[in-house]
Amino acid sequence: MDRFSEILFNEQTIAAKVEELAGRISRDYAGKELVLVCILKGAVTFMSDLMRRISAPVAIEFIQASSYGDAILSSDSVIIKRDIGTDIGNKHVLLVDTIVDTGKTLDCLFKILAEKNPASLNAVTLLDKKTRRAIKVPIVYCGFEIPDKFVVGYGMDYGEKYRNLPYIAVLNHE
Ligand code: PRP
């Protein structure tokens with residue numbers, strides 16, 4: 001049975017942080033052609049909220065990485081299950097994820113997208129589990145640093161459950 005031990009971030013706290021990050025991104029990318037690349041599946045909720053609060057026009061793309069499954073591209077232990085569908089050459093690209101843990105996913109995606117020759121390539125994450133980092137990854141926009149606890153909600157799952165929770169909770173699973 002799964003139990004939530006605490007609500008780490010409620011809806012209001014998340015919304016305020018998303019607003020803050022979107023404001024920084026809007027200022028930094030003013031006058032530039034920005035492509036937001038959502039890392040499926042966990043970043044869907046964050047991407048949806050973030051993009052609606054960015055004032056500059058944005059294009060959106062989706063990419064899916066996994067440590068297993070049917071690979072179409074690979075780097076280290078992470079595989080790409082779904083690649084973006086448009087040309088990002090000479091465009092300003094911002095990878096959007098909800099949580100960075102070991103950094104392997106982001107590292108792999110940085111390498112793969114860099115090969116497509118974007119004008120710039122950065123990342124935004126709502127949560128950063130910094131103590132778990134195995135690979136150094138450059139994250140320009142970070143919402144909250146969190147301890148090494150298993151979190152669900154706001155797009156994040158445990159066995160595909162809890163993605164639809166509007167808040168972020170710590171899960172004690174047995
Ligand atoms: C999670 C999360 C990040 C990644 C971070 O995705 O959304 O993309 O793990 O972990 P890392 O820094 O150790 O690579 P997950 O693989 O669980 O897939 P999902 O988003 O489809 O749930």
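Every value quoted in this text rests on a predicted model; they were computed, and no experiment measured them. Throughout, numbering of the chain's residues begins at 1 and tracks the sequence. Remember, it's 1-based here, ligands and their atoms both numbered in the order they're listed.
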What residues form a side chain to side chain donor-acceptor pair (under 3.5 Å) with Asp28, not counting sequence neighbours?
-> Tyr141

Can you give me a line-by-line list of nitrogen or oxygen pairs between ligand 1 and the protein shorter than 3.5 Å?
from, atom 1, to, atom 2, distance (Å)
ligand 1, 7 (O), Asp97, OD1, 3.4
ligand 1, 8 (O), Asp97, OD1, 3.4
ligand 1, 8 (O), Asp97, OD2, 2.6
ligand 1, 12 (O), Asp101, N, 2.8
ligand 1, 12 (O), Thr102, N, 3.1
ligand 1, 12 (O), Gly103, N, 2.8
ligand 1, 13 (O), Thr102, N, 2.9
ligand 1, 13 (O), Thr102, OG1, 2.5
ligand 1, 14 (O), Thr105, N, 2.9
ligand 1, 14 (O), Thr105, OG1, 2.5
ligand 1, 20 (O), Lys41, N, 3.2
ligand 1, 20 (O), Gly42, N, 2.8
ligand 1, 21 (O), Lys41, N, 3.0
ligand 1, 22 (O), Asp157, OD1, 3.1
ligand 1, 22 (O), Arg163, NH1, 3.1
ligand 1, 22 (O), Arg163, NH2, 3.1

Is the CD atom of Gln64 crowded by more than 12 outside heavy atoms at less than 6.0 Å?
-> yes

Qualifying residue for side-chain contact (heavy atoms from CB on, under 4.5 Å) with Phe46, from Val124, Asp97, Thr125 =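 Single side-chain contact (heavy atoms from CB on, under 4.5 Å) partner of Phe46 among Val124, Asp97, Thr125: Val124.
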
What closest approach, in Å, do Cys142 and Asp128 show between heavy atoms, and which atom pair accounts for it?
-> SG-CB, 3.5 Å

Lys17 to Phe144 six-membered ring, cation-pi geometry met (6.0 Å, 45°) |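 Cation-pi check for Lys17 and Phe144: passes.
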
Give a yes or no on whether Ile25 and Val93 share a hydrophobic cluster (residues Ile, Leu, Val, Met, Phe, Trp, Tyr; joining criterion: side-chain heavy atoms under 4.5 Å apart).
-> no

